[in-house]
Amino acid sequence: MRLILIIAFIMSCVGVSAQIVSGKVVVTEEGNQTPLVGATGIWAGTSKGTVTDFDGNFSLERTTETDMLVANYVGYNADTIIVGELTEV
């Protein structure tokens, strides 16, 4: 069986200057998606990150240092998404 870590996110503006990236980290197996509780989401090359909640949801303030968001969970390979100017993946 092959497990794949997927990050889905939506960027939204909060206030005037802060942008928040939020979404859900799930593992997909045989077509079923299961939320990952306690997965980490970290901006690549920084120490800025967060941990997913009970439903796999996260929100993280956007950084100007990088546009690469890395999701990690024990027992799975890390998955990286280039956020760029995308609003939904």
Side-chain angles (χ1 to χ4, degrees):
M1 273 179 246
R2 185 169 176 204
L3 300 176
I4 302 170
L5 181 65
I6 298 174
I7 305 172
F9 66 91
I10 299 171
M11 289 187 338
S12 60
C13 288
V14 176
V16 175
S17 61
Q19 276 193 338
I20 302 296
V21 175
S22 61
K24 188 171 202 168
V25 179
V26 298
V27 63
T28 300
E29 182 179 20
E30 297 178 2
N32 297 318
Q33 291 187 344
T34 305
L36 292 178
V37 179
T40 59
I42 299 176
W43 291 112
T46 75
S47 59
K48 298 173 184 172
T50 191
V51 177
T52 59
D53 67 12
F54 183 75
D55 296 318
N57 298 312
F58 71 92
S59 76
L60 179 62
E61 189 171 329
R62 189 168 171 86
T63 181
T64 57
E65 298 172 51
T66 183
D67 63 351
M68 293 174 37
L69 185 60
V70 181
N72 237 332
Y73 191 75
V74 175
Y76 295 92
N77 293 327
D79 197 2
T80 303
I81 277 200
I82 298 174
V83 176
E85 297 299 319
L86 298 174
T87 57
E88 189 172 344
V89 171

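Source: prediction; values computed, not measured. Along the sequence shown, residues carry numbers from 1.
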Flag the pair Thr50 / Glu61 as yes when at least one side-chain heavy-atom distance between them is below 4.5 Å, and no otherwise. no
Find out whether Val25 and Asp79 are in side-chain contact, i.e. whether some heavy atom of one side chain is under 4.5 Å from a heavy atom of the other. no
Not counting sequence neighbours, which residues clear side chain to side chain contact (heavy atoms under 4.5 Å, CB included) with Thr66? List them please. Trp43, Ala44, Thr46, Thr63, Met68
Can you give me the closest heavy-atom contact between Ala78 and Asn72, atom names plus distance? CB-OD1, 3.4 Å
Nearest-0.5 Å distance, CG of residue Leu36 to CG of residue Asn57: 11.5 Å
Where do Ile20 and Ser59 come nearest, in terms of heavy atoms and distance? CG2-CB, 3.8 Å
Here the pair of heavy atoms bringing Val21 nearest to Phe58 is O-CE1, 3.8 Å
What residue pairs, at least two apart or across chains, pass salt bridge (charged side-chain N to carboxylate O under 4.0 Å, His left out) with a residue in residues 40-53? Lys48-Glu65
ILVMFWY network linking Leu69 to Val27, side-chain heavy atoms under 4.5 angstrom: yes
Check whether any side-chain heavy atom of Tyr73 lies under 4.5 Å from a side-chain heavy atom of Thr52, and answer yes or no. no
How long is the gap from CD on Gln19 to OG1 on Thr64, to the nearest 0.5 Å? 11.0 Å
